[in-house]
Amino acid sequence: MVTMTGWSDLSEKSKHPPPLAEIVTLSSVQLQASTRIPSEFTIETSQEGAAAHVTVPRDTTFCETCLTELLDENNRRFAHPFINCTQCGPRYSIIKKLPYDRQHTTMASFDMCETCKKEYSEPTSRRFHAQPTCCHDCGPVLSFVDNENKPIETHDCISATAKALYENTIVAIKGVGGFHLACRADADGVVERLRQRKRRPHKPLALMVKSLEEAKRFAHISKAEERLLQSPERPIVLLRKNDQWENHLCPGVTFMIDTVGVMLPSSPLHYLLLEKTSDFPLVMTSGNPSGDVLCCENDDALSKLNSIADYFLLHNRPIHMRIDDSVIRIIDDTPVMVRHARGYVPRSLPAPISLDGLVALGGIQKSSIALGRNKTAYVSQYLGSAEHMATIAHADGAMAHLEELLGITPKAMAHDSHPNNPLLHVKRPQGLPLIPIQHHHAHAAACLGENSHPGPAICVVFDGTGWGEDGTIWGGEFLIADYSHVYRAAHLKDVPMPGGDAAVRYPGRMAFSILYQRLGDQAKDLIAWMDDSEKNTLAAMLDANLNCPKTTSMGRLFDSAAALLDLCRERTYEGQPAMELEALADPFEKGVYDYDCDWTGPAFLIDGASILIKMVQDIADGVEPPMIAARFHNTIAALAADIVGRLAEQTQINTAALSGGCFANRFLFKETKKRINALDIQLLHHHHLPPGDECVSYGQLLIAAETLKGSQNEQPDWFKGLRRPFRGTRSPRSQGQAFKIRTNGFHYASGHGVLYPTEPVCQTFQKAYPA
Ligand SMILES: [Zn+2]
Ligand SMILES: [Zn+2]
């Protein structure tokens, strides 16, 4: 907290805080004549254990003044790769505990030289209390080694790295929150070698360029994108490629995707390197082996990346908290977070009630954790997919780190209600109460929470996979929800996934399954590129209901549409078929397909097959694929708006919310927003967290807090008004598993369609942890 005097107009001043300052609250107090006013501004010595009410600073790139010094041959920090000041530099990634003092950072082991010490203690200096401050004499140093850790003879590691990159080798570079793998982006051979070695055949690779001008050579950049690229957070921004891109990038950087992820130098080290390599953009992809987390220490990187990188540019400033680059795209002038990480975390978000002591484990596929303190939720960085053991260990570390920084002792833990949730392997105190939360309800709550909306709202949650209460995989959902109650009002009709995960990997299987369910053997004539033998095998599996879990996923419907257009026979990264379909879609095509929906049941059932059949007809009629792809997107947006409109009319609820990974799709988000806005319905969407699973931990915290308050037992009027029974039944197997494995002695009831603790449990909790 900063106390200022002499501000005549607080609200005017608050519009221009210092670059890294965030004004959380602003209040003015009338002082008594006798009040002693301090004569000067001072920073007092921190008290141990005073961490509880300070915020955690985030990592930022170099400021303009540091850049000037970096380039000034007469400055004592000329070309110093670790230059920083009070306005800039690493923070979250190097802080071990709060208060934020040098001895609590990974800079503690570097003793300041006399000159640095003087600057640090001089109130008029730019580096007064700049905790990571250092210089050539006292700061971290670089080293350049080959992949057997043999030092390469050089007096200038950055020039040696630039030379190695110029010569088409792959270099692992230690940055702010972890390692990158770098190579030239204009040279086919080395990009292909990187893809082979990293076992990443198709997923787009991010680029780093020195300046906006460099990026403009191959991408369209709007004013909003320019601001974002140059912001102190330095995220990767997804930009549309222009028609000159092939002169600057090799096709293997992004393949069929029409956007490219670009960032400007995120640290002085990267700036110095890019100064020397500005003839060509650099691929700068995360430095991790396939299925593992980002490497952040030198030894770790040398042992895990030595079969990928030819050389390593290392430094000896330890990274305490590993953190990836953030990824953002601008859709319709709205920033949509795609990966929430460096520069933005830990993120603090509001809550309508106290979240004190609650922690949440988040979603399984794109994990993040969240912790509650008072009425604020703190959301971690993107942690990876919890299907990998390394991610669980990373979640453990991130949880312990945030507990330490925020002074939080967990009282209860919220988690995704999936019966085999791997995240429950995180370290936790014995007997810590567990609260399972339905995946899409958490999405809905996160979107309401970000907008400080009390609910209820008609929440459209479109994503790939989330455990549903009836034992099927949900993902094409219309939920009417607030933080305590949820009603599944409409969804895609469930369809079998032949082979389970194999149907996700091979999108043609989903397309066939959906068509076969509706058309029977006639479906065998429809997907021209698929072998007859494969179709016969799939038909036999579907007939026998052999390993065919059911799903209502919107992600799988997108996969199927992509498969009908033969875009992606094998998916090698999450979202690939949908991203290729989005890239193909003609933005000027306005056509919409009719779709069937069963409006009679307790929940409206949308028939995905009816849409695919229209696509098949268009394909047979020779309609151009970009038009077909656009019509598919338009149809999904139109059905979202139709159903929101009907539900709004029925329930008199005039707020809608959009969440789920599908809404990172530029075409779908824009079109759905436009159509719902035309209905005169208030539309909420995410502003800070990604619409994908990284928002789930925040939603879990909000629901868990209401759960522990016992809010499920008091039905709000809007919920009573629905008066329709929950559709679908939970299979005894899933019920048994959920009870035995997940609940740690908890009792659960599923009266409202979602598993939540019963009244006695809430009372026990309230006794143990009185408010
Ligand atoms: Zn600075
Ligand atoms: Zn120094």
Side-chain angles (χ1 to χ4, degrees), residues 350-353 438 440-462 468-469 474 476-493 552 554 595-606 636-660 663 669 671-687 691 699 702-703 705-707 709-728 750-754 756:
I353 59 170
Q438 201 280 321
H440 302 95
H441 188 197
H443 269 285
C447 189
L448 292 175
E450 272 196 54
N451 290 280
S452 297
H453 193 286
I458 301 161
C459 305
V460 186
V461 188
F462 288 170
E469 281 314 315
W474 292 6
E477 312 300 317
F478 292 77
L479 307 175
I480 303 177
D482 61 14
Y483 303 107
S484 58
H485 287 73
V486 57
Y487 183 83
R488 192 186 191 200
H491 56 88
L492 280 175
K493 221 165 147 178
T552 62
M554 183 56 79
Y595 64 94
D596 297 340
C597 183
D598 178 352
W599 305 101
T600 59
F604 303 151
L605 294 179
I606 307 146
I636 304 302
L639 76 82
D642 275 1
I643 290 172
V644 164
R646 277 193 189 234
L647 291 170
E649 208 172 292
Q650 275 188 2
T651 59
Q652 300 302 308
I653 293 170
N654 256 315
T655 305
L658 304 181
S659 189
F663 287 109
F669 183 57
E671 204 53 39
T672 309
K673 228 169 74 171
K674 192 177 85 190
R675 286 169 188 266
I676 293 180
N677 282 333
L679 298 175
D680 215 13
I681 288 175
Q682 181 192 18
L683 182 64
L684 312 176
H685 56 78
H686 293 278
H687 296 275
L702 299 172
I703 298 170
E706 290 289 351
T707 305
K709 219 176 91 186
S711 304
Q712 269 79 26
N713 303 312
E714 295 160 28
Q715 295 193 3
D717 288 342
W718 69 263
F719 190 80
K720 281 185 215 153
L722 290 171
R723 291 266 172 233
R724 292 192 293 189
F726 172 65
R727 190 179 176 280
S750 70
H752 314 316
V754 173
Y756 289 113

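Note that the numbering runs from 1 along the sequence shown for the chain.
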Discussion item. Could you report the tightest heavy-atom contact between Leu448 and Gly455, atom names first, then the distance?
Written reply: CD1-CA, 4.1 Å

Discussion item. Are His687 and His685 an aromatic pair, judged by ring center distance below 6.0 Å?
Written reply: yes

Worksheet item: For the residue pair Pro456 and Ile480, what are the closest heavy atoms and their distance?
Response: CB-CG2, 4.4 Å

Worksheet item: Could you go step by step and tell me if Leu647 and Ile653 meet the side chain to side chain contact (heavy atoms under 4.5 Å, CB included) rule?
Response: CA-CA 8 Å; Leu647 291 170; Ile653 293 170; over 6 Å; no

Worksheet entry | Heavy-atom pair with the smallest gap, counting every atom of Val644 and Ala656 | CG1-CB, 3.8 Å

Worksheet, complete the sentence: For Gly449 and Pro350, the nearest pair of non-hydrogen atoms, with its separation, is O-CG, 3.8 Å

Worksheet item: Are Val486 and Glu469 close enough that some pair of their side-chain heavy atoms sits under 4.5 Å apart?
Response: no

Worksheet item: Going through the distances and angles, do His485 and Leu479 end up as a side chain to side chain contact (heavy atoms under 4.5 Å, CB included)?
Response: CA-CA 10 Å; His485 287 73; Leu479 307 175; over 6 Å; no

Item to complete: To the nearest 0.5 angstrom, please state how far the CG atom of Leu684 sits from the CD1 atom of Ile458.
Response: 11.0 Å

Practice prompt. Grab the two heavy atoms, one from Asn677 and one from Ile681, that are nearest each other, plus how far apart they are.
Written response: OD1-O, 4.3 Å

Worksheet item: Taking side chain as C-beta onward, heavy atoms only, is Leu658 less than 4.5 Å from Ile676?
Response: yes

Worksheet item: Between the side chains of Gln712 and Ser484, is a donor N or O closer than 3.5 angstrom to an acceptor N or O?
Response: no

Discussion item. If you define the side chain from C-beta out and look only at heavy atoms, does anything of Ile606 sit under 4.5 Å from Lys493?
Written reply: no

Worksheet item: Could you give the distance from OG1 (Thr651) to CH2 (Trp718), rounded to the nearest 0.5 Å?
Response: 9.5 Å

Worksheet item: Between NZ of Lys674 and CG of Leu679, what distance do you get to the nearest 0.5 Å?
Response: 12.5 Å

Worksheet entry | Lys673, NZ atom: more than 12 neighbouring heavy atoms under 6.0 Å | yes

Response to the item:
Hits for ring pair (Phe, Tyr, Trp, His ring centres under 6.0 Å) against Phe462, two or more places apart or cross-chain, chain-then-number order -> Phe478, Phe663

Discussion item. Is there a side-chain contact between Cys459 and His443 in this structure, where contact means two heavy atoms from C-beta onward sitting under 4.5 Å apart?
Written reply: no

Worksheet item: Counting distance only, does the side-chain N/O of His441 pair as donor-acceptor with the main-chain N or O of Asp482 below 3.5 Å?
Response: yes

Discussion item. Please give me the minimum heavy-atom distance between Tyr483 and Pro352, naming the atom from each residue.
Written reply: CE1-CG, 3.7 Å

Fill in: Sub-4.5 Å side-chain heavy-atom contact between Met554 and Ile636
yes

Worksheet entry | Straight-line distance of Gln438 CD to Ile703 CD1, nearest 0.5 Å | 8.5 Å

Worksheet item: What distance do Leu702 atom CG and Thr707 atom OG1 have between them, rounded to the nearest 0.5 Å?
Response: 10.5 Å

Item to complete: Decide yes or no on side chain to side chain contact (heavy atoms under 4.5 Å, CB included) for Leu605 and His491, but give the supporting numbers first.
Response: CA-CA 6 Å; Leu605 294 179; His491 56 88; 3.3 Å; yes

Fill in: Side-chain heavy-atom pair Gln650, Arg646 within 4.5 angstrom cut-off
no

Discussion item. Rounded to the nearest 0.5 Å, what separates atom CZ in Phe604 from atom CG in Asp642?
Written reply: 11.0 Å

Fill in: ring pair (Phe, Tyr, Trp, His ring centres under 6.0 Å) partners for Tyr595, two or more places apart
none

Worksheet item: Is the closest side-chain donor-acceptor distance between Glu477 and His440 under 3.5 Å?
Response: no

Worksheet item: Can you list the residues that meet the ring pair (Phe, Tyr, Trp, His ring centres under 6.0 Å) rule with His453, with sequence neighbours excluded?
Response: none

Fill in: Any side-chain heavy-atom pair of Ser659 and Val460 under 4.5 Å
no

Discussion item. Tell me if a side-chain donor or acceptor on Ser711 pairs with a main-chain N or O of Glu706 at a distance below 3.5 Å.
Written reply: yes

